[in-house]
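Fair warning: this is a prediction, and the values are worked out from it, not measured in the lab. Proteins get letters first, then strands, A, B, ... in listed order; numbering begins at 1 in each. The figures that follow rest on heavy atoms only: side chains count, while hydrogens, waters and symmetry mates do not.
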There are 2 protein chains.
Amino acid sequence: MVCQVRDGTLQVLLWRRARAPHAGNWSLPVGPVGLAETLEEAVARHLATKVDVRDLAHLEQLGTWSAVGRVPGRRVLATSYLGLVPTTSDPDTPHDTSWHRADDLPAMAFDHGDVVAYALGRVRAKLAYTNIGFALAPEEFTMAELSKLYAATLGRPVSVTNLQRVLVRRDVLEATGGFAASGSAGGRPAARYRFRRHTLEVTDAFPVLRPRGPATAGPRQPGAAPRS
Amino acid sequence: MVCQVRDGTLQVLLWRRARAPHAGNWSLPVGPVGLAETLEEAVARHLATKVDVRDLAHLEQLGTWSAVGRVPGRRVLATSYLGLVPTTSDPDTPHDTSWHRADDLPAMAFDHGDVVAYALGRVRAKLAYTNIGFALAPEEFTMAELSKLYAATLGRPVSVTNLQRVLVRRDVLEATGGFAASGSAGGRPAARYRFRRHTLEVTDAFPVLRPRGPATAGPRQPGAAPRS
DNA sequence: TCAAAAGTGTTCGGCCTACACCCATGC
DNA sequence: GCATGGGTGTAGGCCGAACACTTTTGA
């Protein structure tokens, strides 16, 4: 399942099926695995050739669906993946595919509705305890822009102030030193930030039942303050 | 991958392969999926018939491994599962299978070492934010016993005091009203507890970036997506 | 000088750890 | 009594949410 923040909302790329079963219904992009490729390679291949998605900033496996009747007529196991595309990418999708708002999805073919619901839950959860935002955001951004991106993904407003503090304290973001120009209405220019790393990391593992670490061991010490 | 707390340590059930490839090496119990069964049904079937594991208190999918050369000679995709067995169960395992301490595992066939490492990480993580302990613990227990179980799984000591407070606050445990007998050395009798629910629940979804709920909303509600 | 937008200081509350202290039992 | 083990009270720390306040710009 490929998703991207477009026009201020989280959207999912769907494909309208041409043939039976479920002809005319929306489904996720799918395809078979070759004998000489991994699942990840197969996913990347199908996405690139079928829907022109070549800028996957993150790809992770969700799970394998195996209900016996999930595809009528024959036995098909399907392993689903979550792919994230940054806002700066705009694939040249074919006519039978289009983006759909995550909060307004159509009925879907097979068990793809379950897959999408699971995937959306996972992205939203991971925003809270990993640096997964790197895969949705552009290379550089202001905190206001990042807040809008998070809000679009989560489906609710996100405080700019607290977002900045949390992500900087966790060392997920760093200031680039650059500033965005003020708008025509004036206002203080916004500092530009970037994600420190562009591979998925758990930045805040759940802390319960762990003994309190020695005060010196904490890599919790922040870097330099974002002002210079 | 089946695991259980035995003799105060977390152990994994392994099977010694008789034939090539990897003859003589330890591997996880495996088996093919039938055309008319789900993956979960296939796992339960193989575990029951091959290694007499019939008391799976919890079974969850881990992921699908697809490296091209993972099985020499032919293409095999494998979907791995995590199965948990409570301490009260003692399967009658055949001669070619045996339990191995999680902290002292042998070299393993195929990519099974990776699977085991991944599974152990998942169990340990989920102890912190779900009620997954129900699948390892007996029906009733004292807090001292549960603490030993957690310690065995996590590989480090767990404070009885704080474990009790955390799990009761989250409404994961409830007192049965019964008491364990004091030992011969005396001491106050320990209250007996049980897990309130015996299906996996996220009891403490990661709270970051969420607006503060209305104070009247009571204890935290579950329902967020699983984190993994 | 004022409005607008960004960033910081500070308070508040929740939750978890640690540790001291109280309770119940057998000898 | 007193040792032994279980349970509770309480203090301290960390972290995040909320919000007021300061900073920096354009008109």
Side-chain angles (χ1 to χ4, degrees), chain A residues 127-129 141-148 150 154 156-173 175 177-193 203-222 224-228, chain B residues 127-129 141-148 150 156-173 175 177-193 203-220:
Chain A
L127 273 184
Y129 66 93
F141 44 81
T142 68
M143 286 310 306
E145 290 162 2
L146 190 66
S147 163
K148 288 201 188 84
Y150 271 62
L154 295 171
R156 54 178 171 70
V158 172
S159 152
V160 182
T161 296
N162 294 327
L163 183 66
Q164 193 262 4
R165 232 186 297 240
V166 167
L167 295 186
V168 168
R169 173 172 24 211
R170 292 186 187 163
D171 211 31
V172 169
L173 294 187
F179 291 87
S182 298
S184 65
R188 178 171 169 175
R192 294 167 71 82
Y193 290 83
T203 57
D204 209 356
F206 205 86
V208 168
L209 299 179
R210 237 169 283 270
R212 208 185 300 267
T216 59
R220 280 239 183 242
Q221 270 314 91
R227 161 187 257 317
S228 60
Chain B
L127 274 184
Y129 66 92
F141 42 82
T142 66
M143 286 310 306
E145 291 161 2
L146 190 66
S147 164
K148 288 201 188 83
Y150 272 61
R156 54 177 172 72
V158 172
S159 151
V160 183
T161 297
N162 294 327
L163 182 66
Q164 193 262 6
R165 231 186 298 242
V166 167
L167 295 185
V168 168
R169 174 175 27 213
R170 292 187 187 163
D171 211 32
V172 169
L173 294 186
F179 291 87
S182 298
S184 64
R188 178 170 168 175
R192 293 166 70 83
Y193 290 83
T203 56
D204 211 357
F206 204 87
V208 168
L209 299 179
R210 237 168 284 270
R212 191 166 300 185
T216 59
R220 311 179 174 211

Going through the distances and angles, do A:Thr203 and A:Asp171 end up as a side chain to side chain contact (heavy atoms under 4.5 Å, CB included)?
CA-CA 8 Å; A:Thr203 57; A:Asp171 211 31; over 6 Å; no
Given D:dT24, D:dA17, D:dG16, the nucleotide with the shortest approach to the side chain of A:Asn162
D:dA17
Closest to side chain of B:Val166, choosing from C:dA6, C:dT17, D:dG6
C:dT17
Quick one: B:Tyr150 OH to C:dC16 P, roughly how many Å, whole number?
13 Å
Whole-Å distance, A:Leu167 CG to C:dT8 P, equals 14 Å
OP1 or OP2 of C:dC16 under 4.0 Å from side-chain N/O of B:Arg169:
yes
Determine whether B:Met143 and B:Tyr193 make a side-chain contact, defined as any pair of heavy atoms from C-beta on separated by less than 4.5 Å.
yes
Pairwise 5' ranking along DNA chain D for B:Gln164 and B:Val208, keeping only the more 5' one
B:Gln164
Hey, is the main chain of B:Gly187 close enough, under 3.5 Å, to the side chain of B:Ser182 for a donor-acceptor pair?
yes
Indicate yes or no for a side-chain donor-acceptor contact from A:Ser147 to the backbone of A:Ser159 under 3.5 Å, with no hydrogens or angles considered.
no
Round to a whole Å and report the spacing from CG of A:Asp204 to C1' of C:dC15.
14 Å
Report the distance from atom CZ of A:Arg210 to atom C1' of D:dC15, rounded to the nearest whole Å.
16 Å
5' precedence on DNA chain D between B:Thr142 and A:Gly187 (nearest-nucleotide basis):
B:Thr142
Could you state the atom-to-atom distance from CG of B:Leu163 to P of C:dC19 in whole Å?
17 Å
Ranking C:dG9, D:dA17, C:dA18 by distance to the side chain of A:Arg165, first place goes to C:dG9
Check whether any side-chain N or O of A:Thr142 sits under 3.5 Å from a backbone N or O of A:Ala191 as a donor-acceptor pair, and report yes or no.
no
I want to confirm an ordering. Mapping B:Arg170 and B:Thr161 to their closest nucleotides on DNA chain C, which one lands closer to the 5' end?
B:Arg170
Value in whole Å for how far the C1' atom of D:dT25 lies from CZ of A:Arg188
9 Å
Through what angle, rounded to 10 degrees, does the axis of the helix from C:dT1-D:dA27 to C:dC27-D:dG1 turn between its ends, using five pairs per end?
20°
Would you mind reading off the distance between A:Leu209 atom CG and C:dC16 atom C1', rounded to a whole angstrom?
9 Å
When the distance from CZ of A:Phe179 to P of C:dA5 is rounded to whole Å, what number comes out?
18 Å
Do B:Arg170 and A:Val208 touch side chain to side chain, with heavy atoms closer than 4.5 Å?
yes
Take the angle between the ring planes of A:Tyr129 and B:Phe206 and call it parallel below 30°, perpendicular above 60°, tilted in between.
tilted
In terms of side-chain heavy atoms of B:Ala190, which of D:dG6, C:dG7, D:dT25 is nearest?
D:dG6
